Enquirer: 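Have a look at the structure that comes next, please.
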Amino acid sequence: MRAFLIIFAWFVLCFVNIGECVIPKSLLIDIDSVNNVGSYIGIVVPNSFEMNPLLQSSSFVKDQKRPYLDVSGRRFRIGTLEHQKVIIVMTGLSMLNAGITTQLLSSLFNVKGVLHFGIAGNANTQLEIGDVTIPEFWAHTSLWSWQRYGEGPENELPLESNGDYTKRIGYLKFSDYNNDTSKQHKEFGNNLLNRVWYQPEEVFPISAEPEVRQRVFWVPVDKGYYALSKKLKGLKLENCINSTTCLPREPKVARVKRGASANMFIDNGAYRKFLSDKFNVTTIDMESAAVALICYQQKIPFIAIRALSDFAGGGSAISNEAANFAPLAAQNAVIALIKFVQLLHSY
């Protein structure tokens, strides 16, 4: 069946008017030969500095016959990780790149599960830089309906009556975060930006009727994967950047309730606090929710492992901590990922 889908994809991706293909037939044959070996764990990572510690780990052994396949600007690295067959792919920055890459991975290869890892900002005052977080739910928090100045919660959003937008999830009112809203500064009581209402994603699961949209805001990770991740408690993680710079305490793995992704690098203490207070968010990044949404629609087991590299604007007023701690966080994410793959043998 998958061989048929691969050949069908080749025909779909052809430009009929010029007789050329986005994916050459020879490459699709190579993809089919990779799939004939069996199913793989897909490993999705945003950037090269996050991926390199994994590729350099002795736990990863690249396939000697076919170490990688290049498709549509992505390199799908083939091998084993802790004796599990894996395909590792770098997405690049942002929700768009993460979604496209995950869809390519799931459409072209025989993938039985997707593991996503990388670094992230931290909105949880109980956690520290270097800690590894595993959220149970992910949301895309940059899909908004932006309300015009002068309107409020009592006013209907544009196209809300059509079912396109909703006030169910809630809003961010910008004037709540003016520098000074005291009585002697009443002119700051309103803000021309007014408020934005958070919106759920439209999804089209493969098991549902085509073009009949469903909506989801909090996307769950796989229940089995999440239960398995409990065994990562107590995992030894890296504590020091060098001989003179170490974290204030030993980092730990923490299973948390929620993570949020958006096409924004968050380095703002007020917005960090809003995400924490409004949505109980711990982990803040730019890709995980996109990977989660693709896997949710494709019915593929998924989990994300994100190590904290900074406080998303809630730490030092001088500079973002990720400039110093991103390599350490990336290494800790890889340590947790490898251990999780080990645990999959008993799953």
Side-chain angles (χ1 to χ4, degrees), residues 46-47 50 93-95 98 116-146 169-181 188 191 193-201 217-219 221 247-249 251-292 304-330 332-333:
N47 294 303
E50 295 161 309
L93 192 70
S94 85
M95 296 279 288
H116 179 55
F117 78 97
I119 67 170
N122 173 30
N124 187 332
T125 57
Q126 302 302 310
L127 297 178
E128 297 287 345
I129 287 173
D131 290 347
V132 173
T133 62
I134 305 176
E136 186 178 5
F137 296 92
W138 285 94
H140 174 202
T141 52
S142 58
L143 185 57
W144 297 342
S145 175
W146 203 318
I169 295 168
Y171 63 83
L172 165 65
K173 185 178 180 182
F174 288 97
S175 62
D176 288 345
Y177 295 90
N178 284 328
N179 288 334
D180 191 342
T181 56
F188 291 112
N191 189 310
L193 293 175
N194 197 10
R195 74 193 76 209
V196 293
W197 292 84
Y198 288 82
Q199 300 300 313
E201 284 278 359
F217 189 70
W218 294 111
V219 181
V221 303
L247 298 171
R249 64 159 172 78
K252 63 183 180 180
V253 177
R255 298 197 312 162
V256 299
K257 196 67 177 178
R258 291 173 173 176
S261 305
N263 282 327
M264 301 176 282
F265 184 93
I266 305 302
D267 192 31
N268 183 279
Y271 192 61
R272 171 189 190 258
K273 186 176 186 304
F274 169 81
L275 288 176
S276 176
D277 293 347
K278 178 70 177 180
F279 296 125
N280 190 29
V281 160
T282 291
T283 314
I284 305 172
D285 69 28
M286 299 177 68
E287 295 87 18
S288 294
V291 183
I305 297 170
R306 286 282 188 158
L308 304 176
S309 62
D310 62 275
F311 293 114
S316 169
I318 299 173
S319 63
N320 185 276
E321 300 83 2
N324 293 322
F325 292 101
L328 174 65
N332 281 347

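All values derive from a computational prediction rather than experimental measurement. Note: hydrogens, waters and symmetry copies are ignored here, and every other heavy atom, side chains too, is used.
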Enquirer: Assess the side chains of Thr282 and Thr133: does a donor N or O sit below 3.5 Å from an acceptor N or O?
Expert: no
Enquirer: Has Glu321 got a side-chain atom pairing as donor or acceptor with Ser316's backbone, closer than 3.5 angstrom?
Expert: yes
Enquirer: For Asp131, enumerate each residue passing the side-chain hydrogen bond (donor to acceptor under 3.5 Å, both in side chains) test, keeping only those at least two apart in sequence or located in another chain.
Expert: Arg249
Enquirer: What class does the angle between the rings of Tyr198 and Phe274 fall in, given that below 30° is parallel, 30 to 60° is tilted and above 60° is perpendicular?
Expert: parallel
Enquirer: For the atom pair CG (Leu143) and CG (Asn263), what is the distance rounded to the nearest 0.5 Å?
Expert: 11.0 Å
Enquirer: Does Ala289 offer a backbone N or O that forms a donor-acceptor pair with the side chain of Ser261 under 3.5 Å?
Expert: yes
Enquirer: CZ of Arg195 to CG of Leu172: how many Å apart, nearest 0.5 Å?
Expert: 9.5 Å
Enquirer: Tyr177 and Tyr271: side chain to side chain contact (heavy atoms under 4.5 Å, CB included), yes or no, with the steps?
Expert: CA-CA 9 Å; Tyr177 295 90; Tyr271 192 61; over 6 Å; no
Enquirer: Measuring from atom OG of Ser288 to atom NE2 of His140, what distance do you get when rounded to the nearest 0.5 angstrom?
Expert: 12.5 Å
Enquirer: To check you understand the geometry: which heavy-atom pair defines the closest contact between Gly118 and Pro46, and what is its length?
Expert: CA-CD, 4.5 Å
Enquirer: Determine the minimum heavy-atom distance between Ala123 and Ile284, stating which atoms define it.
Expert: CB-CD1, 3.7 Å
Enquirer: Is it true that a side-chain atom of Asn122 and a backbone atom of Leu127 form a donor plus acceptor pair closer than 3.5 Å?
Expert: yes
Enquirer: Going through the checks in order, is the side chain to side chain contact (heavy atoms under 4.5 Å, CB included) test met by Leu328 and Leu247?
Expert: CA-CA 10 Å; Leu328 174 65; Leu247 298 171; 3.6 Å; yes
Enquirer: Give, for atom CD1 of Ile169 and atom CZ of Phe279, the distance between the pair rounded to the nearest 0.5 Å.
Expert: 7.0 Å
Enquirer: If we ignore hydrogens and angles and just use 3.5 Å, is the side chain of Asn332 paired with the main-chain N or O of Val132 as donor and acceptor?
Expert: no
Enquirer: Would you find a donor on one side and an acceptor on the other, under 3.5 Å apart, between the side chain of Glu287 and the backbone of Ser94?
Expert: yes
Enquirer: For the pair Arg272 (side chain) and Ile266 (backbone), establish whether a donor and an acceptor sit closer than 3.5 Å, ignoring hydrogens and angles.
Expert: no
Enquirer: Say you draw a straight line from OG1 of Thr283 to CD1 of Ile305; how long is it, rounded to the nearest 0.5 Å?
Expert: 11.5 Å
Enquirer: Which heavy-atom pair separates Glu50 from Phe117 by the least distance, and what is that distance?
Expert: O-CE1, 3.3 Å
Enquirer: Can you name the closest pair of heavy atoms from Met264 and Ser142 and give their distance?
Expert: CE-CB, 4.0 Å
Enquirer: Show the nearest heavy-atom pair for residues Ala292 and Val219, with the distance to one decimal.
Expert: O-CG1, 3.7 Å
Enquirer: Locate the shortest heavy-atom distance separating Trp138 from Ala304; write the atom from each residue and the value.
Expert: NE1-CB, 3.7 Å
Enquirer: Look only at the side chain of Arg306 and the backbone of Asp285, and say whether a donor-acceptor pair between them is shorter than 3.5 Å.
Expert: no
Enquirer: Using ring pair (Phe, Tyr, Trp, His ring centres under 6.0 Å) as the criterion, point out the one residue from Trp197, Phe174, Tyr171 that pairs with Trp146.
Expert: Phe174
